[in-house]
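All residue numbers in this chain count up from 1 along the given sequence. Read the numbers this way: they start at 1 and go in the same order the structure lists the ligands and their atoms.
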Amino acid sequence: MLHSAPSSSFHHTTTLHPSPSPSLLSASSPSSSRHAWLPLRHFSFQTPPLRTHNHFALTSPKALKVNCSTSEPLKIMISGAPASGKGTQCELIVQKFGLVHISTGDLLRAEVAAGTEIGNKAKEFMNSGRLVPDEIVTAMVAARLSREDAKQRGWLLDGYPRTFSQAESLEKMQIRPDLYIVLDVPDEILIDRCVGRRLDPVTGKIYHLKFFPLESEEIKARLVMRPDDTEEKVKSRLEIYKQNAEAASSSYSNITKKIDGSRSKEEVFKEVESSLSQLQQSKGKILKSGDTEIQRTLEKSILDTKKGSGSSSQDKWRGIPTRLNNIPHSREIRQYFYDDVIKATQRAVNDGKTRLKVDINIPELNPEMDVYRIGTLMELVRGLALSFADDGKRVKVCVQGSMGEGALAGMPLQLAGSRKILEFMDWGDYGAKGTFINIGSIGAAEVEEQDDLYILVAPQNAVGNCIIDDLRAMTNAAEHRPVILINARLKDLPGSSGIMQTMGRDQRLKYAASFESCYFFRLLYYAGTQYPIMGAIRMSYPYRYELYKRVDDPSGKEKYVILSTFLERPTTDEINDAFEGKPRNETRKGSGIWGFLSGIF
Ligand code: AP5
């Protein structure tokens with residue numbers, strides 16, 4: 001398909017010599033449309049055609065004469081779930097900006113169609129909707145990016161990187177885009193788009209049975225469906241996308257532009273086009289200044305385009321604070337975690353959830369290590385309770401009382417005195433305590449008509465005593481009102497003789513599991529150690545579990561990078577696999593050093 005003239009980026013005559021054309025490089029020629037997996041297109045592109053209209057003139061194969069354009073070529077990445085419209089937008093971008101479109105999906109499909117060794121390997125993965133191993137895809141992308149046309153005209157990388165390790169490979173090769181576009185489309189639309197997608201093997205054009213009606217009966221008769229476009233495979237591709245999306249994009253957060261891809265393709269393109277034009281202008285203006293300034297100006301122009309586009313609270317998220325093994329934590333770090341817990345819990349309560357639990361075990365919130373840390377736990381509870389009181393809710397903060405004889409008998413040591421601390425705490429200048437905030441213990445008798453919500457501080461079983469019966473009675477009495485457990489420990493504990501109480505255990509555990517996690521944060525260490533921190537798991541309702549790896553950058557500073565995300569809390573095997581960079585669902589075998597992580601759960 002011939003595209004219309006590229007725009008301002010390439011004002012002057014450019015002569016290029018065609019690079020050799022290994023089969024890998026066949027699919028993404030300047031004029032290639034996507035989906036060159038079909039034999040016809042594949043073979044027609046073994047030697048990539050070069051543009052011969054007004055912007056590029058082909059002379060002898062040896063000559064490389066570049067009358068440089070007034071601006072630096074654009075380097076763009078486009079990402080999004082399957083069928084979010086990447087290919088459709090890429091066609092339009094190529095037409096307007098003349099970038100070299102490099103689609104890993106197309107490159108792979110071309111290999112499959114040509115029956116190459118790579119294609120045969122990739123086929124099985126693609127047909128089942130899984131990701132093709134990194135080493136295959138990365139080699140393909142590196143080869144394609146290194147070609148002269150991509151260097152001269154700029155590139156549009158589509159569908160790569162899709163995992164954290166692919167993004168890392170690009171970083172190592174010092175390949176970075178100017179802009180990272182994410183097409184954001186809700187799941188239900190995606191499935192419809194995939195299932196209705198049809199491709200024209202002659203022109204490579206993408207159609208949709210419902211959204212883009214066919215131009216003629218002749219075209220209709222030759223249209224084909226992609227083998228991975230069945231509903232079942234689309235769902236699996238979507239799940240794999242979600243597992244990796246955040247990890248893959250984390251390196252580009254400062255240059256990311258999220259675009260609502262659920263609108264018509266013309267509307268979506270309008271926004272894409274405006275960002276790219278703005279970027280092109282910025283690059284043109286600052287060509288003579290240093291690289292750092294280019295980067296800064298680009299980031300600023302991206303930030304400007306982001307303004308007013310309404311980002312989610314996750315987009316504003318600052319990243320996990322570092323040096324968490326240094327105790328006591330600074331006020332800023334504590335506040336970070338309090339805010340994180342409050343936002344997640346508020347979202348869950350606003351969504352009508354009524355049985356919730358918060359699990360957060362940064363060292364500063366672990367009173368088992370040091371009883372004095374109970375103060376940090378109380379500070380978190382106070383922040384959470386006041387956040388609901390500010391909304392006019394009457395909150396009861398409850399700590400379990402003694403469950404046996406004598407002052408401390410039957411009471412976990414770290415909770416001793418905590419009720420007194422709550423009573424004496426500063427609850428703000430507005431007299432919230434006694435009206436919007438009340439302190440109580442755990443049990444049905446605590447539930448009063450005027451209460452709107454209950455926060456239970458670290459309810460836990462003590463040796464020989466089980467808090468669950470009181471807790472159950474309380475939640476039954478609370479009925480539809482939210483009950484939030486903070487750092488609960490509801491597993492049975494063995495008695496001093498090491499014997500576990502078994503009567504009614506199943507029901508107790510079932511009851512404990514009926515509370516839904518609205519916040520989870522846990523640091524990862526080698527089993528049996530508390531140093532060094534290897535990573536972290538975080539979940540903030542309603543988002544997915546995020547697995548982070550702690551890395552030290554060359555300046556000696558540490559940071560957390562996201563490795564993967566999960567719908568459910570990841571198992572130790574899944575954590576190990578992600579740390580080792582293995583794809584999901586690989587056959588388990590005895591793990592190496594990361595096997596030590598298995599002790600943490
Ligand atoms: P790939 O081909 O890249 O598939 P994908 O990412 O799943 O994306 P799609 O091509 O399905 O969708 P799209 O976003 O381009 O949407 P389109 O514009 O066509 O990859 C295929 C496979 O290759 C992967 O599953 C994997 O196995 C492997 N692979 C690729 N890259 C890899 C990597 N880096 N690492 C490992 N493995 C890799 O639009 C979809 C439909 O919607 C069309 O019918 C279109 O007409 C319609 N449509 C588009 N825009 C709109 C709109 N605005 N409104 C209405 N309809 C629209």
Side-chain angles (χ1 to χ4, degrees), residues 27-28 33-37 77-93 101-112 118-119 121-142 144 156-167 169-170 181-186 189-200 204-214 223-230 233-242 244-245 248 259-272 583:
S28 291
S33 70
R34 239 162 109 77
H35 311 296
W37 56 282
M77 279 181 188
I78 186 159
S79 144
S84 53
K86 301 183 292 292
T88 304
Q89 291 304 318
C90 284
E91 279 183 15
L92 299 169
I93 295 172
H101 177 207
I102 303 172
S103 151
T104 42
D106 286 351
L107 290 171
L108 286 164
R109 278 184 286 270
E111 294 295 323
V112 173
I118 285 177
K121 276 189 197 158
K123 192 175 176 178
E124 182 201 336
F125 292 92
M126 295 175 78
N127 284 350
S128 59
R130 282 181 295 153
L131 292 180
V132 174
D134 285 356
E135 57 275 18
I136 296 181
V137 190
T138 301
M140 285 175 37
V141 171
R144 187 63 190 88
L156 172 60
L157 197 45
D158 161 10
Y160 189 96
R162 275 185 210 226
T163 61
F164 177 70
S165 66
Q166 290 182 2
S169 303
L170 284 182
I181 297 175
V182 180
L183 296 178
D184 192 25
V185 180
I189 298 184
L190 293 171
I191 294 176
D192 226 22
R193 280 193 189 173
C194 257
V195 176
R197 169 168 44 198
R198 295 293 181 275
L199 306 168
D200 181 346
K205 218 171 156 184
I206 310 168
Y207 291 91
H208 192 281
L209 294 179
K210 228 193 290 176
F211 308 127
F212 302 119
L214 317 169
L223 291 184
V224 290
M225 191 177 174
R226 253 169 61 172
D228 56 349
D229 270 352
T230 63
K233 285 176 189 166
V234 175
K235 282 184 178 160
S236 139
R237 282 159 62 200
L238 192 53
E239 182 54 25
I240 292 173
Y241 168 77
K242 287 181 180 174
N244 292 290
I259 292 181
D260 175 5
S262 63
R263 298 165 294 167
S264 74
K265 71 173 176 185
E266 292 78 15
E267 278 177 279
V268 177
F269 184 63
K270 221 167 149 191
E271 203 176 335
V272 170

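- Distances below 4.0 Å separate heavy atoms of Tyr207 from the following atoms of ligand 1: 43 (C), 44 (O), 46 (O).
- Interatomic distance, OG1 of Thr104 versus CZ of Arg162, reported as 5.0 Å (0.5 Å rounding).
- In the vicinity of Pro82, heavy-atom distances shorter than 4.0 Å reach the ligand 1 atoms 5 (P), 7 (O), 8 (O), 12 (O).
- Listed by atom number, the atoms of ligand 1 under 4.0 Å from Val137 heavy atoms are 33 (C), 34 (N), 35 (N), 36 (C).
- Side-chain atoms of His208 come within 3.5 Å of backbone atoms of Asp192 as a donor-acceptor pair (strictly under, hydrogens ignored).
- Ligand 1 has a nitrogen or oxygen under 3.5 angstrom from a nitrogen or oxygen of Arg197.
- Under the 4.5 Å side-chain criterion, counting only non-hydrogen atoms from C-beta, Met126 is in contact with Arg109.
- Here CD1 of Ile78 is found 4.5 Å from CG of Leu183. Values are rounded to the nearest 0.5 Å.
- Considering backbone and side-chain N/O atoms, Ile206 never comes within less than 3.5 Å of an N/O atom of ligand 1.
- Geometrically, ligand 1 and Tyr160 share no nitrogen or oxygen pair separated by less than 3.5 Å.
- Residue Gln89 does not touch ligand 1, judged by heavy-atom distances below 4.0 Å.
- For Arg226, the heavy-atom gap to ligand 1 drops under 4.0 angstrom.
- Taking distance alone, with nitrogen or oxygen atoms compared against 3.5 Å, Asp229 stays at or beyond that limit from ligand 1.
- Inter-residue side-chain proximity for Asp158 and Gln89 is flagged as unmet; no heavy-atom pair is nearer than 4.5 Å.
- Qualifying salt bridge (Lys or Arg N to Asp or Glu O under 4.0 Å) partners for Arg198, counting only residues two or more places apart in sequence or in other chains: none.
- Inclusion of Leu108 in the set of residues having an N or O under 3.5 Å from an N or O of ligand 1 is not warranted.
- The closest heavy-atom contact to atom 35 (N) of ligand 1, among the options Arg162, Gln166, Lys233, comes from Gln166.
- Contact between Arg263 and ligand 1 is present, with at least one heavy atom of the residue lying under 4.0 Å from the ligand.
- With contacts defined as side-chain heavy-atom distances shorter than 4.5 Å, the pair Met77/Leu170 qualifies.
- Residue Gly129 has no N or O atom closer than 3.5 Å to an N or O atom of ligand 1.
- Interface atoms of ligand 1 facing Gly87, defined by a heavy-atom separation under 4.0 Å, are 13 (P), 15 (O), 18 (O).
- Under 4.0 Å from ligand 1, not a single heavy atom of Tyr241 appears.
- Of all heavy-atom pairs between Ser262 and Ile189, the closest is CB-CD1, 3.8 Å.
- Per-residue contacts place Lys265 under 4.0 angstrom from the following atoms of ligand 1 (heavy atoms of the residue considered): 52 (C), 53 (N).
- Of all the atoms in ligand 1, the ones that sit under 4.0 Å from a non-hydrogen atom of His208 are 44 (O), 46 (O).
- For the pair Pro161 and ligand 1, the shortest N or O to N or O distance does not fall below 3.5 Å.
- The closest side-chain heavy-atom distance from Lys233 to Asp229 is not below 4.5 Å.
- Both the backbone and the side chain of Leu131 come within 4.0 Å of ligand 1, judged by heavy-atom distances.
- Using 4.0 Å as the threshold, Ser103 has no heavy atom nearer than that to any atom of ligand 1.
- Checked by distance only, ligand 1 and Thr88 come closer than 3.5 Å through their nitrogen or oxygen atoms.
- Distances from atom 2 (O) of ligand 1 to the heavy atoms of Lys86, Arg109, Glu91, Arg198 show the closest one on Arg109.
- One option in Arg193, Lys123, Arg130, Lys210 has a heavy atom closer to atom 51 (C) of ligand 1 than any other, and that option is Arg193.
- Some N or O of Val132 is nearer than 3.5 Å to an N or O of ligand 1, by distance alone.
- Here the NZ atom belonging to Lys235 is positioned 5.0 Å from the CD1 atom belonging to Ile191, to the nearest 0.5 angstrom.
- One finds the NE2 atom of His101 at 6.0 Å from the CG atom of Asp106 (value rounded to the nearest 0.5 Å).
- Between Tyr241 atom OH and Leu131 atom CG the span is 12.0 Å, to the nearest 0.5 Å.
- For Ser264, the heavy-atom gap to ligand 1 drops under 4.0 angstrom.
- Below 3.5 Å of separation, one finds an N or O of Thr104 facing an N or O of ligand 1.
- Annotation: ring pair (Phe, Tyr, Trp, His ring centres under 6.0 Å) contacts of Phe212 (sequence neighbours excluded): none.
- Checking side-chain atoms of Arg193 against main-chain N and O of Ser84 turns up a donor-acceptor pair under 3.5 Å.
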